[in-house]
2 protein chains.
Amino acid sequence: MRTAESAVETIQREMTVFARRARASAGRMHPELSLVSYTLLGHLEESGGCRATDLAAHYALDKSTVSRQVAALERAGLIERRPDPEDHRVQELRLTGAGQEILAQVTRRRRAAFRERLAEWPEDDLVRFAAYLERYNAGVEGIGPD
Amino acid sequence: MRTAESAVETIQREMTVFARRARASAGRMHPELSLVSYTLLGHLEESGGCRATDLAAHYALDKSTVSRQVAALERAGLIERRPDPEDHRVQELRLTGAGQEILAQVTRRRRAAFRERLAEWPEDDLVRFAAYLERYNAGVEGIGPD
DNA sequence: ACATTCCGGTTGCAGAGTACAACTCGCGAC
DNA sequence: GTCGCGAGTTGTACTCTGCAACCGGAATGT
């Protein structure tokens with residue numbers, strides 16, 4: 001099936017291009033929040049608070065990396081840790097008000113960039129594209145596991 | 001237009017997830033070739049040889065970064081430089097045989113991962129997804145300029 | 001023809017992100 | 001109580017990256 005083959009090829013290539021660009025443009029678009037910090041904050045917002053280990057597992061990062069990122073975010077006042085009264089080993093991480101603020105602001109900026117980029121797209125295409133991406137990322141493992 | 005709004009939202013979110021995952025999975029899938037090295041080699045193959053400055057411009061990297069990457073790739077024997085007889089400032093970069101070899105090998109591995117991930121997709125969807133991605137990346141600037 | 005400016009590339013420096021390994025401390029099982 | 005395990009931190013080292021300063025060749029203007 002020639003068409004499917006080359007479509008897969010194209011998908012691979014274009015996803016790779018996008019991934020390679022993303023970090024640089026994130027740096028330019030919101031220097032105050034790296035791509036990783038942004039996704040960590042985002043995860044905290046979604047989950048409403050979780051442990052550092054959860055973040056590490058979820059993002060396939062070493063726990064030391066997460067520990068340092070978390071320390072930086074705390075230093076910046078964007079998150080806070082509260083020790084778990086049950087188990088003194090764990091600490092729950094939560095967004096602070098400032099963290100929610102920054103996150104919302106960066107999200108707005110990113111959203112604006114995406115919206116502009118997609119401005120000319122017919123609604124049908126947007127919906128389908130979104131569905132494809134969700135479906136792709138929902139795949140368990142492969143090019144980019146969680 | 002509610003649907004389009006939320007579609008854009010989803011696209012932003014999913015593209016971000018993908019981008020964040022890409023590095024880690026690239027490292028796991030082919031430790032011998034970072035994502036950037038891979039795309040640089042890929043570009044050299046596509047273009048059939050180009051200058052370091054072209055790479056820098058194309059990938060929005062600083063020329064010093066490219067210079068170092070190129071040096072490393074040359075040290076590894078994957079590319080070679082040949083001074084331009086016309087202009088002694090420039091040097092054309094070309095894949096060596098070993099470079100083509102490695103590139104092909106990594107591409108095979110990546111392709112297999114993508115293919116597996118997309119195995120269940122109907123051909124129509126693959127084709128449309130590929131087209132959307134191309135269209136997205138073709139946009140001049142925005143979330144991830146070239 | 002010479003000076004100035006431009007351009008491709010390299011190098012020094014600094015900072016972020018990351019992993020691995022060794023460590024501390026608290027929890028739970030035996 | 002001791003032992004192993006899990007959460008998190010810290011030391012170390014390496015890569016990637018950008019900025020700024022620089023070198024040398026090319027192009028341009030006077």
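Each chain gets a letter, A, B and so on, in the order its sequence line appears, and its residues count up from 1. Only heavy atoms go into these numbers, but all of them, side chains included; no hydrogens, no water, no symmetry mates.
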*With no angle test and no hydrogens, is the base of C:dC7 tied to the side chain of B:Thr53 by a donor-acceptor pair under 3.5 Å?*
no
*Grab the CD-P distance between A:Gln91 and D:dA7 for me, whole Å please.*
12 Å
_Distance in angstrom units between A:Asp62 CG and D:dG8 P, rounded_ = 13 Å
*Check whether NZ of the Lys or CZ of the Arg B:Arg117 lies under 6.0 Å from the centre of the six-membered ring of A:Tyr136 and within 45 degrees of that ring's axis.*
yes
_A:Ser67: which residues meet the side-chain hydrogen bond (donor to acceptor under 3.5 Å, both in side chains) condition with it, sequence neighbours left out?_
none
*Integer-rounded Å distance: D:dA7 C1' and A:Glu92 CD*: 14 Å
*Report the C-alpha distance between A:Leu41 and A:Tyr38 in whole Å, list the side-chain angles of each, state the deciding distance to 0.1 Å, and finish with yes or no for side chain to side chain contact (heavy atoms under 4.5 Å, CB included).*
CA-CA 5 Å; A:Leu41 289 190; A:Tyr38 175 70; 5.9 Å; no
*Could you tell me the separation between the OH atom of B:Tyr38 and the P atom of D:dC16, rounded to a whole number of Å?*
17 Å
Atom pairs, protein N/O to nucleotides 14-17 of chain C N/O, distance under 3.5 Å:
| from | atom 1 | to | atom 2 | distance (Å) |
| --- | --- | --- | --- | --- |
| C:dG17 | OP1 | A:Ser34 | OG | 3.0 |

*Would you kindly give the CG-to-P distance between B:Leu55 and C:dC7, to the nearest whole Å?*
19 Å
*Starting at atom CD of B:Glu32, determine the distance to atom P of D:dT15, rounded to an integer number of angstrom.*
15 Å
*Which pairs pass side-chain hydrogen bond (donor to acceptor under 3.5 Å, both in side chains) with one or both residues in residues 90-102 of chain B, sequence neighbours excluded?*
B:Arg81-B:Gln91
*OP1 or OP2 of C:dT10 under 4.0 Å from side-chain N/O of B:Ser67*: yes
_Taking ring-ring contact (aromatic ring centres under 6.0 Å, His included) as the cut-off, I'd like each qualifying pair that reaches into residues 60-81 of chain A, sequence neighbours left out, listed once._
none
_Side chain of B:Ala52 (C-beta onward), nearest among C:dG9, D:dA7, C:dA19_ = C:dG9
_According to salt bridge (charged side-chain N to carboxylate O under 4.0 Å, His left out), does anything in residues 35-48 of chain A pair up with another residue at least two apart or in another chain? List the pairs._
none
_Between A:Lys63 and B:Ser64, which residue's closest nucleotide on DNA chain C lies nearer the 5′ terminus?_
B:Ser64
*Which whole-number value in Å describes the distance from B:Arg51 CZ to D:dG25 P?*
18 Å
*What about B:Arg89, does its side chain sit under 3.5 Å from the base of C:dC7 through a donor-acceptor pair?*
yes
*CZ of B:Arg75 versus P of C:dT10: gap in Å, rounded?*
12 Å
*Near DNA chain C, which residues from residues 80-88 of chain A have a heavy atom under 4.0 Å away?*
A:Glu86, A:Asp87, A:His88
*Contacts of type side-chain hydrogen bond (donor to acceptor under 3.5 Å, both in side chains), residue A:Arg75, not counting sequence neighbours*: none
*Residues in salt bridge (Lys or Arg N to Asp or Glu O under 4.0 Å) with A:Glu80, at least two apart?*
A:Arg82
_Residues in side-chain hydrogen bond (donor to acceptor under 3.5 Å, both in side chains) contact with A:Thr39, at least two apart in sequence or another chain_ = none
